Amino acid sequence: MLKYILKRILSLIPVLFVVSCVIFLVVYMIPGGPATALLGMEATPDQIDALNAELGFDRPFLVQYVDWFTNVLRGDWGESYFLHQTVTSAIAEYFVPTLSLAVFAQIIALILSIPLGILAAYKRGTALDLTCVTASLLGSALPGFLLSMFLMLFFGVYLHWFPVAGYAALSEGLGEHLRYLFLPALSLGIVQAAYLTRMTRSSLLETLYKNYIQTARAKGLKEKKVVMKYALKNGAPVILTAVGQSFGSLITGTIVTETLFNIPGLGMLTLTSINRRDVFVIQGVVIFVTLLYVIVNLIVDILYGFTDPRLRPGRK
Amino acid sequence: MLIRRKSISAASEAIFREQRTLKKEKLLANPALIIGFVGFVLIVLLAVFVPIFNSTDPNAMEVTKRLQPPGDGYLFGTDEFGRDLFVRVMYGARVSLWVGGCVAIFSCVLGTIIGIYASYFKVLDQILMRICDGLIAIPGILLAIALIAALGTSSWNVILALTIVYTPSVARTVRVSALVIKEQAYVEAAKVQGFSNFRILWRMILPGVISPLTVQASFIFAQAIISEASLSFLGAGIPAPAASWGNMLESSKMVFSRAPWTMICPGAAVILCVLSLNLLGDGLRDYLDPKVKGGKKKA
Amino acid sequence: MEEKKNETLLEIKELKVSFPVHKKWLPAVDGVSLEIHPGEITGIVGESGSGKSVMSQSILRLRDHDTAVRYEGEILFEGENLLQKPLFRMRDIRGNQISVIFQDPLNSLSPVHTVGNQISEVLILHKQLSKEEAGKRSIQMLKMTGIPDPEACMKKYPFELSGGMQQRVMIAMALACEPKLLIADEPTTALDVTIQEQILHLIRDLNERLGMSVLFITHDMGVVSRICHSVKVMYLGQVVEEAQTQELFENPCHPYTQGLLACIPHLRVERGKELPVIQGSVPSLSNIPEGCHFCTRCRLADDTCRNCPPPLVEISPGHKVKCWKYADGAKEREVTAS
Amino acid sequence: MSEHLLEIKNLKKTFPLRNGGWFGKKERMCAVDNLSLTIEKGETYGLVGESGCGKSTTGRMIVGLTKADSGSILYEGKDISKMSEREFRPLRKELQMVFQNSLSALNPRLRIGEILEEILQIHGEQDKAKRRKRVLEVLEKVGLSEEHYFRFPHELSGGQVQRLGIAGALIIHPKLIVCDEPVSALDVSIQAQILNMLMNLKKELRLSLLFISHDIGVIRFISDRIGVMYLGTLVEETDTETLFANPLHPYTKTLFAAIPDPYIQGGEFQALTGEQPVRTEDFQGCAFYSRCPYAKEICKKQAPEFREVEPGHKAACHCIEK
Amino acid sequence: GCGGGNSDSGSGGSGDSASKNKEELHVAISANPPSLDPQSINSNIVGGIGVHVYEPLFAMNADYEPTPVLAESYEVSDDGMVYTIKLRQGVKFHNGEEMTADDVVASMNRWIEVSAKANTLIGGSVFEKVDDYTVNLKVNQASSDIIMILASPIQAAAIYPAEVVESATAEGISEYIGTGPYKVSEWKQDQYVKLEAYEDYQPSEGEASGLAGEKQAATPTIYYDVVTDASTRIAGVQSGEYDISEEIPIDNYEDLSSDNGLTLKVDRGGTLNLFLDTTEGVMANQTFRQAVLAALNCDDIMLAAYGNPDLYELNASWSDPTDTQWGTDEGSEYYNQQDTEKAKELLAEAGYNNEKVVLVTTQDYPEMYNATLVVQEELKQAGINAEVETYDFSTFMEHRSDPQQFDMFITSNSYNMLPIQLSVLDSGWAGLNAPEVTEGITAIRAASSDEEAAEAWADLQTFLYEYGAATVLGHYTGVIAMDKGVTGYDYLRFPIYWNVTASE
Ligand SMILES: Nc1ncnc2c1ncn2[C@@H]1O[C@H](COP(=O)(O)OP(=O)(O)OP(=O)(O)O)[C@@H](O)[C@H]1O
Ligand SMILES: Nc1ncnc2c1ncn2[C@@H]1O[C@H](COP(=O)(O)OP(=O)(O)OP(=O)(O)O)[C@@H](O)[C@H]1O
Ligand SMILES: [Mg+2]
Ligand SMILES: [Mg+2]
């Protein structure tokens, strides 16, 4: 098991290498450098060129990359031109709100979706099923920003229940922290729930008609238990994948929500860094997110093993 | 499954005929499939024919008539440039269906290929899945900007960028479903019967992953339509004045409290389209699933 | 035994179970009546597809949850009509008073739960045992079914067991609560003879000690002869013959039963020679003949057989046959003559 | 005797014993240990034994579904146990298997006709009409009708499904079929038909069968030679007549005593007592030791040799005099 | 800090009772400032925060007159080449050190170097220390506008401590220390900039007026909350999350003006301009450019860009039309012609052959984008094959700076104090490199009187139109929404909050 985890993590190194190379190349290729953003709209091209040259962005790609890479090997991930801090500390700082948000949103999504998905599958073909499916379709067809804006207007401006935007760090108290995160988490959660509901439903539809469900019923188990223990657990791999994916996409998919709700998270950092061509930060964020993904997927893969022994890693 | 008449007896022929009517009956007994199909075809037809028969230029501006409510010569009202929203929604359908469709198809096809092979071959699994991990982390926005730099502005940028964004998640879903199916006895049996790996993958495992795939495809379709707007924002998509549902929604953001119809009309179009596609997908799945008869599943 | 026989544990009256196939309701079980007394082991044999499994599942109404199914007739368990019971009340009976061993153990055990978990669950549910007690009892049950190293087996998943072991797990699960009625749907098909014998012992033991009744469905006539008090022969949804076991083997009356017994490859059959078979195959549910269901394959069938359903004739006490052959003297004579 | 169709030598297969423990070291059990047997052309080899003794595993190794740990499986002189999937594929046509539970061995999404036709197709039959004809023939042969052509597997009863499994193996005229309890789920009338059919096919096509079954009656009826397995290894092997006339190994004797026969009443069966051990890799002594009524000291320590007790009659027991 | 104490009690007095006023003022701004170095960066946000933190030697008062702030007085040598500036004594930086001539010399010399506005006008001039409280400015060219330039709020000549200047890198200064009424207490990137009243602040004398005069720090703490999304800024000010929201999209003006809880401030912002490439391909043809100008309907363009006719003004002037000196509508015959027919004729004359003409734009600035779309449509009506290319901001800037990659683009430019500071006159901006421009600038700067200078500018503006180098599309306003309880707000080029209080 340990070996397996180690192997997974080691196999990451070439991936990270390739990803970093690709990202660097991509950023190198795209027009504009940090100077444009540093100098503002009315800057003249000469100024921009001069600043870019000063920052070393006129050098050839390989030189820049090798430079960066050797620094990374020395543990130096570079420094942001805008944030006035190192990439590592910036990521550490921006990651916290995103993690909070993602976890909160995921919890909301799970609370909403799993029961709905189960209910829809169980009551297949009934009005209830139709309602669940339609609701989840609406959820997935609704652009995220519209949903967010609606929530903001309704709960923030109209009802004054939650702050419209902003972020309170955990150090300001859990209550405050959650109060600020609630609306963005809800809006993200609803979209994810839409997806999860459908995945739960469809995976349960596969398992609900298996023979072992009959066996469970023949034991005299309550329907609830039959579904929760047998159908759900057997359908778990698909649901788990979806949860893993949705959690993963929460980490990258927060760009819109974070910008809208003004939460200083990774999504916002990604967007602003791209807009500013803050290359080291982009690089750092992408690599960090890749790592996160791999970890999330690793956890999901290990969880597969818990739910379905046949999928246990290292079998055979 | 056409049977050559001469090779079978009269009895078989009767059975065959019965089978055909049964198929038809099953089709008709599946309202989801029919509604979805009709809805989708309707949207496609509207997208194709309204622009042909309607002479209004979707980009014609009458700025003084901006943000007119629906009615009064404008079926859906006008947008912030005084363009006819109805015509734009119809023209937008073309772009959105094209982008959504392409992205959904490409990412599902690619993701399925990756997922299925990864599930079946241990070595490939490690390689492909790690690549997916890497791909999934690259922000779509960055990709889009880079693609414009490389390819110039065209809708292919969006399609390419979004396909890259969505493929890994399809791959993972397919992979895990396939992993379960792979363990089924009939896959082993097929091996013994001499099925090539290729055939096992595509004939035996693929049908089993269709159901999560249809769900994901429709999800991606919807998301692609919406994301197209944010990438067009960067210039990666459809050149400027052309309408798409996504960019109509995006630009309604600024004015929607004043002119809600600018959001409702394209929004409803997206939702209707996704809804009918989903119904179609669900219905198709039921239709193809031999265990489902007339909406109920047989144990 | 005699006193017990007066009361019936389970009485099925004219049960008809139909499934919707292409908009028609086709009866998989077509007017079956039977009585099971406490402490009685009733065997059911018959062609596959004759509705044995459907009938047994109907008793617990297991199909109701996910299939469109229509019941006619009555199923009285201790005087209570199960078909009228609300579905959720069936839970008290299932697994506790009536339990089932399913035909297909490989698919009937959940692949993602350990054997131990699946067995002790019933005990915890119905016998209100603690987890440890249930675990102990489960191990005991597994041991009784002859599984080597039952402690280890408890922690295994079904796919790690051989087919026979899975079947024994099913059996242990069904017997765990010492039900009043056990429905055993081909419980020993995957077992070798020694284990099979052990299982039969176990069932017989429970039957004798606790008065557990058993509805024993099987193809194996040898097993029937070893364990069943009485036997019913089913063909295409109907019981065509019923008798005490001994009586049936010594004096099979229905042409189908006769055919069935003839084709067993028992140890005295000459090797290398073709086994006798019943010609033809079972008609599908959608074209069941008007008259006797067996008429399409019966070498004695005539127009009466083809057009009119035969009556159930009691030819000796407890021995009933559904065949025109025994309906009146004339026919009987004709048969013997030929 | 160089013309064995199939020759298995010292075959061994182990499985990890405990699944518990994410980090612990794993003990392994031998499902099949040091098993050797041969099957001639046209011969039916019956394999009986306690459930869980490794019969299916042996069968699966022969058709390449499970890879053997060690030992060799020579098919027509070629060692197939070490072949890659690609090398094996041409042999698939000749080596077929019928599974114990056929329903799950059938693709649930295809119609019966499609399933069978596809098998033909991958083995080179391109003509649609011919394929269909052949399928209908085979269906009939196994007692199914044209009507079933359009059915889905789950629409058939257990027996019908089993027949279909056999049809799937038969349809490409293999040389050797591993039948893993092909008839145990069938009712006797169909069982008889199938057995007759297999007998005929065997004669017609000089088909070899490895026939795994619990039903001694069936085994006796169909087999030319019988191997009795216990805990992963053969304990006795000889031709059918001899075995029934003169079973040597104590396990064989118990086995025969347990056969239920509707016409042989009584004959009180002596249930096996004692624990069945788990055959770990360092297992010593006779596997049957713990349950053997004639066990001696030596049986505990030393595994008996599988030797030819009489010409053509092998057994593994310390207690049998030559 | 008696000064701080004073201003605090002052604010208390103006708001009736201290307890009723908020201790914190939340201002929603539209973007994270790229830096807090107003010298080097031309950005409304940097400038807006900057005026609260830093002070220059001279600043504009409400009447656009340069007024001493950190300076006490100045003298000009007769040849106009040397300015001797006396500094105020006892002014303390936020780090507690006193401001001396060293700091001024270091800051001002850096300013001349890094501020584009300064560099183009007085590049080569140097500051020198005379004594601790006196400095000399030696200019490169005598001109009447030197003090004006020093007082210009855009890329303002902020005075930093000398150490800060020395430690500055290419990216700007890294410590934010000034002499203003507020000091930077915390800057959480992408979240907020927190300003706190500086206790030892030494206000200059005189009534508060524009950027000069007495500054009070009426609210102890100001948060500039970075809220990039406009709808969030609106929702936030409506819900009371923010006291003030800047950069309200004009489309929301009507909605918000009906909200009783809010006050809306409309301030003149600048001009929306269309720049034409004058060097490449068909665009090099002056007649063609004239055709473009003829085709424009600025009513529609401005309406689409700003939504409400009350919020913009159509005027050909490149400067604030109300500016008595520089505001002129000279050349207005080329402005807002709305003459498609004329455009077509001119096209024919220019021998236009349906060559593609590219308008580059970015959606990051909706008004620019909207205007671009309307222009495209109007050009199409006139028969010009106009195409819009949309990019993200950085890419847009890249394309915009290279005449090979654009034919036209629209940007909004905020007003400059002096027309010679206009971007359009900078050859690096849109590639306008005509000798007439250089001559015009020289004429303006060398002018002996205000009238003469104004005339010279009017001529240059006419040339811009005639040449078809660029055109003003209209004058826009900026809308700021604030809670009803906010008082003391002022505006001069930037929103001014130092006298602002917000009641609870
Ligand atoms: N849900 C259903 N819909 C339609 N027909 C069904 C359904 N379930 C069972 N049948 C049919 O009912 C008949 C009886 O099936 P059943 O499983 O009871 O047979 P069986 O006697 O148990 O056979 P075997 O010995 O092979 O197990 C079969 O013909 C089967 O096709
Ligand atoms: N995949 C596996 N993982 C672990 N153990 C296994 C696996 N497959 C089989 N075994 C073990 O190997 C032994 C032999 O199994 P096998 O299926 O060959 O028995 P069998 O003789 O066919 O039994 P039956 O007659 O019950 O089918 C059993 O003890 C079983 O638990
Ligand atoms: Mg059955
Ligand atoms: Mg087996």
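Quick caveat, the model's predicted, so the values are computed rather than measured. Below, read A as the first sequence line, B as the second, and so on, with proteins coming before strands; counting in each chain starts at 1.
Interatomic distance, CG of Leu213(B) versus OG of Ser202(A), reported as 10.5 Å (0.5 Å rounding). Of the inter-residue distances, the one linking Asp301(A) atom CG with Asp125(B) atom CG reads 8.0 Å to the nearest 0.5 angstrom. Distance OH/Tyr195(A) to CD1/Ile220(B): 7.5 Å, rounded to 0.5 Å.
When each of Gln245(A), Arg201(A), Met199(A) is scored by its heavy-atom pairs under 4.5 Å with chain B, the top score falls to Gln245(A). Ranking Met129(B), Arg172(B), Gln126(B) against chain A, the residue ahead of the rest is Arg172(B), based on heavy-atom pairs under 4.5 Å. Taking chain B as the reference chain and counting heavy-atom pairs below 4.5 Å, the highest number among Asn297(A), Ile274(A), Thr270(A) is found for Asn297(A).
For Ile282(A), the part lying under 4.5 angstrom from a heavy atom of chain B is the side chain only. For Val27(A), the part sitting under 4.5 Å from any heavy atom of chain B is the side chain, from C-beta outward, and nothing else. Contacts between Leu208(A) and chain B at a heavy-atom distance below 4.5 Å are absent for every atom of the residue. With a threshold of 4.5 angstrom between heavy atoms, Val289(A) approaches chain B through its backbone and through its side chain. Using a 4.5 Å cut-off between heavy atoms, Ser227(B) makes no contact with chain A at all. Residue Thr241(A) touches chain B through its side chain alone, counting heavy-atom pairs closer than 4.5 Å. Interface residue Met263(B): only side-chain heavy atoms are found under 4.5 Å from chain A. The contact between Leu271(A) and chain B is made entirely by side chain atoms (from C-beta outward), counting heavy-atom distances below 4.5 Å.
Phe61(A) CZ: more than 12 foreign heavy atoms inside a 6.0 Å radius. Heavy-atom contacts from other residues, nucleotides or ligands closer than 6.0 Å to CZ of Phe121(B) number more than 12.
Nearest heavy atom pair, residue Val176(B) against residue Val238(A), reads CG1-CA, 4.3 Å. When all heavy atoms of Arg198(A) and Ser218(B) are compared, the pair lying nearest together is NH2-OG, 3.8 Å.
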